[in-house]
Novice: 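One structure is given below, represented as structure tokens, and several questions about it will come after.
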Amino acid sequence: MRILVIGAGEVGSSIAGSLADAHEIVVLDVDGDRVDSLTFEHDVLAIQGDGTSLDDLEAAEVEAADVVIASTDEDETNLVACGTVKTVSDAFTIARVEQPSFLRTWQRSRGVFGVDFMVCTDLLTAQAIVRIVGLPTARDVDPFANGLVQMAEFEVDADSPLAGQTVAEADTFDALTFAALVRDEEVVLPRGDTVIEADDQVVVIGRPDRVEAFAGAVSPEAETDVEDVVVVGGSTTAYQVARLLEERGLSPTLIEQDEARARELAEDLPKTTVLQHDATDRDFLEREHIGDADFVVSMLDSDEKNLLVALLSKRVGAARTVAVADNPQYVSLFQTVGVDVAVNPREVTAEDITRFTRERQAENVAIIEPEKAEVLEVEVGPESVLVGRPIREAVADLPAGFVIGAITRNGEFVTPRGDTVVEPNDHVVALVTNEAHDEVADQL
Amino acid sequence: MRLWVEWRASVSLVGTVVKWLSVPLLFPLALAAYYGDGVAVFAATIGIAFAAGWLLERLDDDPDLGSREAFLMVALTWLAVSAVGALPYLFEAHGIPGVVAGSPDSTLANPVNALFESMSGFTTTGATVMGNISFDHHSRALMMWRQVTQWLGGMGIVVLALAILPQLSVGGAQLMDAEAPGPGLEKLTPRIAQTARRLWGLYLGLTALEVVVLALAHEVELAPNMGLYNAVAHGFTTMPTGGFSPAARSIEAFSAVAQWIIIPFMVAAGTNFALFWHATVGDRHFLDDTEFRWYVGSLGVLTAVLAGLLFTGQVTDAENVGRVASAVEPALRHAAFQVAAIVTTTGYASMDFTLWGEPAKYLLFAMLFVGGSAGSTGGGIKIIRWIVVAKSVKRELFTTVHPDAVKPVRLGGRALDEKSVRGIHAFTLLYLGIVLVGTFLVALFGTHGGEPLTVFESLAATASTVGNVGPGFGFAGPMGSYLSFSAPAKLLMVAFMWVGRLEIFPVLVLLTRSYWTS
């Protein structure tokens, strides 16, 4: 496919970079320096120009593009760009916005502003964080099939009862499938006799209540009942996190240093206690008993501060910490030095955008380990190799590197076993390694 | 020194209102013609109102109303209509030479008393200085005029003027803001005149409903004394939370059924009329309104406590103990009636509560400070201000523990800006300050038939007139009157009623130098 990316900021470059392997990418940006650096960094065609100008879009051959992704830092620019594209092309347009109000408008009337799909970075990041708070011992949680199925990634540490068990021994939960183990950044597809080692990450797919029960089995000592959540920072994403927590019936605490912003947040968040202070002040953290928190979510404007706040909160006694890392390279580093979960908003955005640039059938995608494996949700058509015979037989015809985690049929959860027969229109949630990806996608 | 206020514009518009006051005066005139008593009194008043209004109107051909002029106009309007409203009392007492003889035994012959009665009427206070409340001493038309002044004053005479006079629509929001009770102005429709008409329409509808219900109760013999005259008279003074009654014993003169009928209408009168408007257009959100919930809740709690006190015999004299002690219905009825009457500042009485025990009496006294809802016809401090005060006290307690917490004061989910919170604190403090200073002044100048006042009498009379409630305690209780106060004390209370009805600031601002100059 030919994809035109408008805006080569952090998100645009990241999207361009992650799609460049499989697609023809054209990037349009007003900033000449960024255009130059992108040309050398990735195998893409970078052009200097304004995405809201029809002339510049035509210079980038917008008519030839199948997909246009507007991902500048300005919401209005992205919306105008999509609207402009639609005047000369019927390419599929994706707009990235920060303000959830635009997303709500778009959801009310799909296609408005000339946007075919809208991605709200702040909301996606906030949702990802709130899912992690809901499943405190998990590293990553993603919902599939309208929430009927959940994928979760847990870290097995040395004192977990799971360490040293085989998958067959650990698999005592119905409606739950062990989809993969991640060991030293490599994806291992588990068999019954695979031994789970300390520091492995286990990826499970199953019914949400079973996933929650499994979380308890991974670390029985950990407090799984989250009540006190502290959000550090007052960005739009932080606001969304607090709002989603309020929706779940919690009364979070939010710490914001700027007086006017703190007041604004306090007005918009009726159940949140807003504190106006510098969150890196240890005396303040102790005075406000941040150490008693079940979760501290640190989302300040710099990665370094986030790391500092997360570690400080741990030091004063907070049970678990989540830190936002804008630099994707910091994600694993943060987790190594003691932050429980690090979240990169661009990765979250990229996952969502990937959904529309990968094969048409895939409805929902979660990336397990970048470039290694992902979890897909597929609605199987009548011609799929899976239809009409037991899974055991069908899987034999498919390449290795493919694990069916869950099936939903007419809105009901079906636990996949060897003798389960897949029917047309079933939704299959499966883990696929990257080597097997293209072949599997073709045959499903 | 150059004045910054176009006072001619304000006075000219006051003239317009006074001129139009001759229209409602036609009602008692018609009654006077029907009963054959007092036609000349009202004909003379109408003539004077029309002429004086017309003359004042000439002061400015094209009045241009800014916010400063609005304050002056509202404040002066209430003084002017009270002065005109006192004329029938004076004419009846003194007679009109060569036309009709006076009734020299009328206590309203004294101009101070006539002004007090008129101001008490227009401000819906309901404190009376009428010596003999009976048709033997006053014409039925005059007694009805007292009721009419309350009805006109309830929803606001300026709001009424806004509703019908097109020349007031520019600057109307300021006028309504200056006059309508409660902090802030709620516009129901884009045009202020339309909002004013809707409010008056609702007010008229509720009044008519009460009149019909009371008259029907009379027809089926459940309310023996409540004939059409009395039904209309009480309809005119319930909805404005007024409190005047043509019966000397107030509502005690009527049956238990009549009392039960009046209670919900008093409660409705103390409710924000905007809520009724939302309800009539099919919006059920009024049930979620914070102020409405607190209002109904506090009425319920206070009624329960008071009913308990009455039921257990907290009454000082033997005759009344028998009426309420150990009797569920009367204890509940008198408690509910009196709570509604005092909290909404209506000021009716279903029995003489000055004979109740001290705890019950002090509870009623405290209720003088509660007041109705914002946007209702009730006076006092208003429930909404107490809610804000209570919530900001709660916030102070919270921020004592969490000094960095940022906690806006919320009303029904909406955060109030700090400016409004400050304004409400200032108002509440000022109100209480005026009551305290007023108590001192009343005690200083006031005597009661030559005798000094007790602390409680002086305090209650001040709180009752500033809050536009009506009855006080002691000799000025519900079955007594303000007649025996000295003239200076009565004039003070005329000022209290005026200041209280306009919620202090529109009057007080006129006393500042910066209002008149820069």
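In what follows, every chain begins at residue 1, and chains take the letters A, B, ... in the order their sequences are listed.
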Novice: So with a 6.0 Å cut-off around CZ of A:R315, is the heavy-atom count from everything else above 12?
Specialist: no

Novice: Do B:P403 and A:R287 touch side chain to side chain, with heavy atoms closer than 4.5 Å?
Specialist: yes

Novice: For B:K407 and A:T273, work out which heavy atoms get closest and say how close.
Specialist: NZ-OG1, 4.5 Å

Novice: Does atom CZ of A:R110 have more than 12 heavy-atom neighbours, drawn from other residues, nucleotides or ligands, at distances under 6.0 Å?
Specialist: yes

Novice: Does the B:R414 side chain pair with the main chain of A:E267, one donor and one acceptor, at a distance under 3.5 Å?
Specialist: no

Novice: Once you round to the nearest 0.5 Å, how far does CG of B:D404 lie from CG of A:D281?
Specialist: 8.5 Å

Novice: How about A:K271: does its NZ atom have over 12 heavy atoms from other parts shown lying under 6.0 Å from it?
Specialist: yes

Novice: Heavy atoms, side chains only, cut-off 4.5 Å: are B:P408 and A:E264 in contact?
Specialist: no

Novice: If you compare all heavy atoms of A:Q276 against all heavy atoms of B:V406, which two are closest, and at what distance to 0.1 Å?
Specialist: CB-CG2, 3.5 Å

Novice: Around A:R282, counting heavy atoms of other residues, nucleotides and ligands shown, do more than 12 lie under 6.0 Å from its CZ?
Specialist: yes

Novice: Above 12 or not: heavy atoms from other molecules or residues under 6.0 Å from CD of A:E247?
Specialist: yes

